Enquirer: 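What follows is a single structure, and I will ask about it in a moment.
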Amino acid sequence: MKRIDYLANPTRFMRLAAVLTPWMGWATVLLAAVGLYLAFFVAPPDYQQGESVRIMYVHVPTSWMALFCYVSMAVAAATGLIWKHPVADLVAKCTAPVGAAFCFLALLTGSLWGKPMWGTYWVWDARLTSMLILLFLYLGYIALVNAFDDPARGAKASSILVLVGVVNVPIIKFSVDWWNTLHQPASVIKMGGPSIHPTMLWPLLLMALAFTTYYVWVLMVRVRGEIIANKIRVLRLKQVHG
Amino acid sequence: MTQFTGKDLLCVRGGRVVFTGLDFSVGPGGALVLIGPNGSGKSSLLRLMAGLLKPYAGIVAWDGEGIAEDPEAHGGRMHYVGHHDAVKPALSVHENVSFWAGLHGHVGTVDGALETLAISHLSDVPGRFLSAGQKRRVNLARVLAAPSPLWLLDEPTTALDKATITTLERQIAEHRAGGGIVVLSTHGEIPLEGAGVLELAHFQAGSGEIAA
Amino acid sequence: MMGVFGAIVRRDLRLALRQGMDSVMVVMFFVIAVVLFSFGVGPEPNVLARIAAGVIWVSALLASMLSLERLFQIDYEDGSLELLALAPVPLEVAVVAKVTAHWLTTGLPLILAAPLLAVLLRMDGEGFGILIAVLLIGTPTLSLIGAVGAGLILGSRRGGVLLSLLILPLYIPVLIFGVGAVDAAIGGFPFKAHLLILGAFLAGSAALCPWAAAAAVRQAIE
Amino acid sequence: MDGLSEFLNMGGYAPFVWPSFGATVAIMAVLLVVSLRTLKRNQAALDALKDRENGADEA
């Protein structure tokens, strides 16, 4: 009987995940430790912003990750829709909470960084506003994926939504940038400082890498959870239909 | 010789194997009756044949060409009668039937169809006043109003009275005599002579597939 | 092809006119929303004039979204959507036909009501012509994007609320340039660029949205 | 010891720097723990279902 990988457990993925998870865990801890050390003890304070620039070492990587997770959701969704690969659907569904967390953190750290610089917690700055809209796209995705009784239905509908969303992200970015320059006085201090000094670049990259391995770590854990939940559902259905 | 065939069909709904390794083949003038307990996949198979549902594996073909290749062409040569009757409460019977017949490019055949199913007296009555049986007859009228080679009928006799069932029987015989094909799921109300029978229970998945 | 398109549009219009106070309700919501803003912000003429374009656009956007939830829902429940998917015409044509009918029953009435509300909000006279032009280009885009959302929520629990969460972020570019065009016109600045961009949004969504909405409907009726 | 307190003060920006890093670590940790716990719970439920099913087969 041809192996029905939708029903049989995707053993290849489960084995890979089981092996990968601890490595990702240790990589995250190590990279984060080194990154934070560099960020606090090696990188120089900003001549204008002083120590508050260190928030950049969390704000910038979380912003990158927010976008990176959304794009990987779109790629996973496309794979799921086009090649009907069941695990791809699960990857998209499990990435959403991680992406939404990073997106929220980017907003939180952005506003905490903005307070000493601009005097208020929220400024309709182009980047922050786009990040806020991206958060709405995440919340819309998460709401849709859980709005159906049959999870396969939820996965299909939300895959289409994330593909429509990923097409709209650049359009929204363009519109918000235009809207922002129209209303915002031009004197906004550039977030990343005039030029990235090497000692500032390394912690940024290390933190970004740490967040990426963290993403893969949580993704592996969540996807395995989903696969097992699927198997439970199939077993229950079997009991009902016999 | 347009043959309506299905090869090694595997249907998965909600993570459960509904049927597997299912083949069928019906020629012009032929008929196929699907029998089996509820939940054995009769409706799923009909929806698969209509193209509403994609099979997880296997292929449904018309004259050798997969129906997924050109869904519009398949839509043009087939009528699917499901559980819902698609009757709009705000539109009159005539408007309902002529809309669907119009989609298939047939105009002017509506009155004949209403006549055959004895609902021409309801022609101007809005859909919301109709009984379940009358709504089902309006649904069947759209099939008669736009002749198509393939009929896929999912339990067509529900909510129909004796007289209408015999009318339906005659229409199916006429349709088959004209070279048409009929596939229907039923609980035995319509005796169709010379019809193939497909027992869904034979194609249930063994318990081995699911446990894994 | 065009015959079927016309048939579906006529059927939906007939349904909307017979069944529905649909368009009337949508326009009523539009008027009430604008009036609420005035109560909230106060009758100060130059304050109202300042925010008039924004208030009208946001209210029009919310109003056109009200009836989107039922774009496919009724046909989905009574089985017509399945038959439309099985029609000898691509589902995309049926989707565009339904969107056209939706726009005629909601977008158009909003455009007719907009100048009246612009007077209510003491909007500067120059803005009226551009407001109508911008709404003419913008509201079809709203209906097209909304159709994708309407397809996605088929068969889900609490569709209405979900639809607004899915669709409103995607409306933001149309809102920004719609209001931008009117404010530019009132301020005496050139507004041609805004109209071109809005036209681009319309062309883009006319090309992509029917395809995405049909895909959403197809997997909903599986 | 004043090096530590001076470090903690973050040039006067302490109320902004530490909450940023703190919230990041906290939220990431919570997401990780919740995910791990869901995995364990599902695994236990699956094992329980499997045992009951094997139990049923034997009985």
Side-chain angles (χ1 to χ4, degrees), chain A residues 9 17 21 25 28 32 36 39-41 45-46 49-59 61-62 94 97-98 100-102 104-106 108-117 121 207 210-211 214-215 217-232 235-236 238-239, chain D:
Chain A
N9 69 2
T21 309
T28 306
L36 287 175
F40 279 105
F41 300 107
D46 185 72
Q49 302 165 32
E51 299 294 337
S52 75
V53 78
R54 298 196 192 286
I55 299 178
M56 169 175 81
Y57 300 117
V58 178
H59 174 66
T62 43
C94 297
V98 183
F102 278 132
F104 172 75
L105 284 172
L108 182 67
T109 51
S111 100
L112 280 172
W113 189 4
K115 177 71 169 118
M117 235 181 346
Y121 279 108
M207 289 302 284
F211 285 174
Y214 166 84
Y215 157 53
W217 182 12
V218 172
L219 182 65
M220 292 293 142
V221 169
R222 291 188 76 87
V223 170
R224 278 159 63 201
E226 285 287 332
I227 288 175
I228 294 171
N230 272 348
K231 280 203 289 191
I232 293 173
L235 281 178
R236 288 231 176 79
K238 202 164 76 66
Q239 277 165 356
Chain D
M1 250 325 278
D2 86 33
L4 179 65
S5 70
E6 190 258 333
F7 166 74
L8 282 185
N9 181 317
M10 266 296 134
Y13 291 108
F16 305 108
V17 173
W18 296 120
S20 302
F21 283 83
T24 306
V25 170
I27 289 181
M28 287 169 70
V30 161
L31 181 56
L32 179 66
V33 163
V34 164
S35 307
L36 282 169
R37 191 168 297 157
T38 322
L39 175 61
K40 280 190 184 53
R41 204 164 11 94
N42 287 356
Q43 185 65 53
L46 182 66
D47 298 341
L49 256 176
K50 281 245 167 89
D51 300 346
R52 192 176 328 131
E53 192 191 288
N54 300 349
D57 293 351
E58 278 137 25

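Chain identifiers are assigned alphabetically (A, B, ...) following the order of the sequence lines, protein sequences preceding nucleic acid strands; residue numbering begins at 1 within each chain. None of the values given here were measured: they were computed from a predicted structure.
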Enquirer: CG/A:Leu112 to NE2/A:His59 distance, rounded to the nearest 0.5 angstrom?
Expert: 10.5 Å

Enquirer: Measuring heavy-atom distances to chain D, does A:Ile232 have an atom under 4.5 Å in its side chain, in its backbone, in both, or in neither?
Expert: both

Enquirer: Would you mind telling me which of A:Tyr57, A:Phe102, A:Tyr214, A:Phe211 has the largest number of heavy-atom pairs within less than 4.5 Å of chain D?
Expert: A:Tyr214

Enquirer: A:Cys94, A:Ser111, A:Ser52: which one forms the most heavy-atom pairs within less than 4.5 Å of chain D?
Expert: A:Ser52

Enquirer: At a heavy-atom separation under 4.5 Å, does D:Leu49 approach chain A through its side chain, its backbone, both, or neither?
Expert: side chain

Enquirer: Begin with the C-alpha distance, continue with both residues' side-chain angles, and end with the deciding distance and a verdict on side-chain contact (heavy atoms from CB on, under 4.5 Å) for A:Lys115 and D:Tyr13.
Expert: CA-CA 10 Å; A:Lys115 177 71 169 118; D:Tyr13 291 108; over 6 Å; no

Enquirer: Select one option (side chain, backbone, both, neither) describing which atoms of A:Ile55 are under 4.5 Å from chain D's heavy atoms.
Expert: both

Enquirer: Output a table of donor-acceptor pairs, distance under 3.5 Å, between side-chain atoms of residues 20-39 of chain D and any protein atom two or more places apart or on a different chain; print 'none' if there are none.
Expert:
| unit_1 | atom_1 | unit_2 | atom_2 | d |
| --- | --- | --- | --- | --- |
| D:Ser20 | OG | D:Phe16 | O | 2.7 |
| D:Thr24 | OG1 | D:Ser20 | O | 2.7 |
| D:Ser35 | OG | A:Arg222 | NH1 | 2.9 |
| D:Ser35 | OG | D:Leu31 | O | 2.7 |
| D:Thr38 | OG1 | D:Val34 | O | 2.6 |

Enquirer: So which part of A:Tyr121 gets closer than 4.5 Å to some heavy atom of chain D, the side chain, the backbone, both or neither?
Expert: side chain

Enquirer: Not counting sequence neighbours, which residues clear salt bridge (charged side-chain N to carboxylate O under 4.0 Å, His left out) with A:Arg54? List them please.
Expert: A:Glu51

Enquirer: Report yes if the distance between the aromatic ring centroids of D:Phe7 and A:Phe41 is under 6.0 Å, otherwise no.
Expert: yes

